[in-house]
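A short write-up of the structure that comes next.
In what follows, chains are A, B, ... by sequence order, proteins preceding strands, each numbered from 1.
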Amino acid sequence: MRLSRYFMPTLREAPADAQIVSHQLMLRAGMVRQEAAGIYAWLPLGLRVLKKIEQVVREEMDRAGAIEILMPTIQLADLWKESGRYDDYGDEMLRILDRGQRELLFGPTAEEVVTDIFRSYVKSYKDLPKNLYNIQWKFRDERRPRFGVMRGREFLMKDAYSFDADEAGARKSYNRMFLAYLNVYARLGLKAVPVKADPGPIGGDLSHEFMILADTGESQVFAHRDLVEMGAPGPDIDWDGDLGPEVARRTSLYAASDEMHDAARFEAMPEDKRMTARGIEVGHIFYFGTKYSAPMKALVTGPDGKDTPVQMGSYGVGVSRLVAAIIEASHDANGIIWPAAAAPFGAVVLNLRAGDAAVDAVCEQAYAALTAAGIDPLYDDRDDRPGAKFAAADLVGIPWQLIVGPKGVAEGVVELKNRATGERQTVPLDAALKAITG
RNA sequence: CGGAGUGUGGCUCAGUCUGGUAGAGCACCGCGUUCGGGACGCGGGGGUCGCAGGUUCAAAUCCUGCCACUCCGACCA
């Protein structure tokens, strides 16, 4: 993409409304524009990042055996009356009447819809397990939206729903999501800690929140250091095998956020293993049994010929929140530092003397080579001063900066800067391209 | 929903106390000089001062009401 033809409205100063660093940087980098409290338009750069994250989530869901669908944003109130939640949900639900005075709502989540889909088609235990997910906009009319897209009213969520014949099966489904989530966050360059969450009325131990560590997080996290440092399981696990031991390895070590914190257990750990940090909740997985399947009569016939409500779980990732969370976890005084998997562009070519034939030629060559290599480069071909280009490149946080100036070109070299480390090397173009393309 | 604050050009803000012809920096347009960390000079365009009422010869400024946004708290699959 040539910057001269792109739409990337960067700001030198952050709008006063933005209080936290991710919000400030998203506005300065021209990623989003606020349209109302907690409601944002996604500009080209922000949309690219959103889609990158979405794709990582999608790939890890698919790998773990979940199947993508797309449910509507607008839902029928009748379904929520069936589950009993229409009245319970309160003012956070945005309720709508259509022209026929039918009660509709903008979905804050999709248990009812997915349960309705499931019950319409699946009747036998032989068709289980199933895990259906979608990545769709949700709306929750928060009393106080804040912190940009971190806590918006409209937000993009990946929500998956598992269906199993019995509790043992549900636990397997849960374990798959548990490990898949760790892989998602690891791919996005984040340190994620699964903490025990309030399981709600169902009880049991099958509810975890995933907190990523960032100094500006909303919650306090207490965890065993070994758990934080353990790393993700990686893609090469046997998703159809017994994931119990792998999950147990990660849930046996202490980890809790403030509301579930057990100070006594924490203090019992060796001091050098105790870790407290700030965290941002970016995922929540949940087993809730027949909470929806029973009232909504999502029944499957078992081997004994009897109908029983299907066992369900739900698994949410805040995709749009992750955009902000990554920035909170990865930035410096000059701007955003994108991990490769979330970066809007793989590299940026900085033409320090647009209009100079020799410099233009090297830039074009670099741009073409990076494009051909699938790096999806941004080319800053604007007629602007070097300082402005450096500042913009740092601000938007693209992993590699390929800096092409007249002096270097005369000597047959370019400069390659790594945004994350700040490391620079002055090398021939070929070497720089090789470094970027791996 | 309780408490606090803020609304002045695209952005950051001054001006409001003490009423008297709407300002600065950045951004934008033109010309020129520049060109390795957000350049400089000259010239230029852009604002019903959140909205509605009221007071006054005169309102960004004083009064009343409303709206929006932000922060703290409560709330939060």
Side-chain angles (χ1 to χ4, degrees), chain A residues 9-20 23-24 27-30 33-40 83 85 88-93 107-112 138 140-148 150-153 155 157-161 177 197-202 206-210 218-219 257-259 281-288 291-292 312-318 321 333-335 350-356 359 380 382-396 401-411 413-415 417 422 424 426:
Chain A
T10 58
L11 299 172
R12 289 184 72 157
E13 291 176 285
D17 282 350
Q19 298 292 322
I20 62 167
H23 191 195
Q24 293 171 345
L27 293 173
R28 286 192 54 208
R33 172 182 165 75
Q34 181 168 0
E35 293 295 337
I39 299 177
Y40 292 83
S83 73
R85 284 208 292 180
D88 293 349
Y89 218 92
D91 290 339
E92 268 197 27
M93 180 185 281
T109 176
E111 280 81 3
E112 281 79 359
K138 304 295 191 292
R140 295 181 190 170
D141 200 356
E142 299 267 357
R143 286 200 173 126
R144 185 149 94 81
R146 61 188 119 170
F147 305 146
M150 188 81 83
R151 192 175 193 71
R153 291 194 290 174
F155 58 96
M157 181 164 89
K158 185 286 299 177
D159 40 319
Y161 304 90
M177 291 293 104
D198 183 353
I202 305 294
L206 292 185
S207 177
H208 286 87
E209 291 175 346
F210 291 79
E218 283 189 87
S219 322
S257 59
D258 24 25
E259 62 258 30
E281 185 195 334
V282 289
H284 193 163
I285 62 176
F286 216 88
Y287 163 69
F288 46 69
K291 181 175 175 186
Y292 302 94
M312 293 176 61
S314 78
Y315 315 89
V317 170
R321 173 180 285 188
N334 294 326
L350 300 188
N351 184 332
L352 297 192
R353 191 70 65 83
D356 177 296
V359 177
D380 190 344
R382 296 172 303 172
D383 179 19
D384 213 336
R385 295 174 59 83
K389 298 193 177 195
F390 292 135
D394 284 349
L395 174 62
V396 303
Q401 295 175 15
L402 185 59
I403 302 162
V404 184
K407 290 175 199 160
V409 166
E411 297 165 18
V413 292
V414 297
E415 187 177 0
K417 176 178 165 184
R424 302 152 178 277
T426 302

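Spacing of C1' atoms, U12(B) relative to G47(B), comes out at 16 Å, to the nearest Å. As rounded to the nearest Å, G20(B) and G32(B) have P atoms that lie 43 Å from one another. Distance noted for atom C1' between C26(B) and G38(B): 10 Å (whole Å). Across the C1' atoms, G30(B) and C17(B) are found 42 Å apart, a figure rounded to whole Å. Of the C1' atoms belonging to G54(B) and U61(B), the separation is 15 Å, rounded to the nearest Å. Spacing of P atoms, C49(B) relative to G9(B), comes out at 10 Å, to the nearest Å. Across C13(B) and U6(B), the matching C1' atoms stand 13 Å from one another, rounded to whole Å. Taking atom P on both nucleotides, G19(B) is separated from A24(B) by 24 Å, rounded to a whole Å.
Here R85(A) lies out of heavy-atom contact (under 4.0 Å) with every strand. When heavy atoms are screened at a 4.0 angstrom cut-off, A16(A) is found touching the sugar-phosphate backbone but no base atom. Using a 4.0 Å heavy-atom distance criterion, K417(A) is classed as a base contact. Residue-level contact check: Y161(A) touches neither bases nor backbone, having no heavy atom under 4.0 Å from any strand. If you check every strand for non-hydrogen atoms under 4.0 Å, F147(A) touches sugar and phosphate atoms only. Base engagement by L395(A) is indicated by at least one non-hydrogen atom pair under 4.0 Å involving a base atom. Nucleic acid contact for R424(A): base, since at least one base atom lies under 4.0 Å from a heavy atom of the residue. At the heavy-atom level, G405(A) lies under 4.0 Å from base atoms of the strands shown.
Side-chain contact between E218(A) and F147(A): present, with at least one pair of heavy atoms (C-beta onward) separated by less than 4.5 Å.
In this entry the distance linking CG of L352(A) with P of U34(B) reads 18 Å, nearest Å. The interatomic distance linking I20(A) (CD1) with C72(B) (P) rounds to 10 Å, in whole Å. Atom P of nucleotide C69(B) and atom CZ of R143(A) are separated by 17 Å, given to the nearest angstrom. Here the P atom of nucleotide A4(B) and the CD atom of Q19(A) are 18 Å apart, to the nearest Å. For the pair L11(A) CG and G10(B) P, the computed distance is 13 Å after rounding to whole Å. Regarding E218(A), its CD atom lies at a distance of 11 Å from the P atom of C71(B), rounded to whole Å. Between the C1' atom of U70(B) and the CD1 atom of I39(A) lies a distance of 16 Å, rounded to the nearest Å. When the C1' atom of A68(B) is taken as reference, atom CZ of R153(A) falls 11 Å away, rounded to whole Å.
C1(B) is paired with G73(B) under the Watson-Crick or G-U wobble criterion, all donor-acceptor distances under 3.5 Å. The partner of U16(B) is absent, by the rule that a Watson-Crick or G-U pair needs both atom distances under 3.5 Å. Applying the Watson-Crick and G-U wobble criteria (two distances, each under 3.5 Å), G45(B) pairs with nothing in any strand. Checking C11(B) for Watson-Crick or G-U wobble geometry (two distances, each under 3.5 Å) identifies G25(B) as its partner. In a base pair of the Watson-Crick type (N1 to N3 plus N6-O4 or O6-N4) or a G-U wobble (N1-O2 and O6-N3), with each distance short of 3.5 Å, A68(B) is matched with U6(B). Remark: A39(B) base-pairs with U33(B); criterion is Watson-Crick or G-U wobble with both hydrogen-bond distances under 3.5 Å.
Closest of all the heavy-atom pairs between F155(A) and P108(A) is CZ-O, 4.5 Å.
Other residues, nucleotides and ligands contribute only 12 or fewer heavy atoms inside 6.0 Å of the CG atom of D91(A).
Side chain E13(A) to base G25(B): a donor-acceptor pair is found below 3.5 Å. Residue side chain D394(A) reaches the base of G37(B) through a donor-acceptor N/O pair under 3.5 Å, judged by distance alone. R385(A) contributes a side-chain N or O that forms a donor-acceptor pair with the base of U34(B) under 3.5 Å. Residue R146(A) places no side-chain atom within donor-acceptor reach of the base of G73(B), judged by atom type and a 3.5 Å distance cut-off alone.
Taking 4.0 angstrom as the limit, R144(A) places a side-chain polar atom (N or O) nearer than this to OP1 or OP2 of C71(B). Between Q34(A) and U70(B) there is a side-chain polar atom (N or O) within less than 4.0 angstrom of OP1 or OP2.
Using a 30° and 60° split on the angle between ring planes, Y292(A) and F288(A) fall in the perpendicular class, above 60°.
The 5' end of RNA chain B is approached more closely, in terms of each residue's nearest nucleotide, by R33(A) than by the other of R33(A) and H284(A). Annotation: of the two residues near RNA chain B, Y315(A) and G38(A), the 5′-most nearest-nucleotide partner is G38(A).
Atom NE2 in H208(A) sits 15.0 Å away from atom CE in M177(A) (nearest 0.5 Å).
Side-chain N/O atoms of S314(A) and H284(A) include no donor and acceptor closer than 3.5 Å.
The only member of D384(A), D383(A), D380(A) that meets salt bridge (charged side-chain N to carboxylate O under 4.0 Å, His left out) when paired with K389(A) is D380(A).
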Checklist line | Worked check of side chain to side chain contact (heavy atoms under 4.5 Å, CB included) between Y89(A) and R140(A) | finding: CA-CA 10 Å; Y89(A) 218 92; R140(A) 295 181 190 170; 3.8 Å; yes
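Of the candidates G38(B), C35(B), G37(B), the closest approach to any side-chain atom of R12(A) belongs to G38(B).
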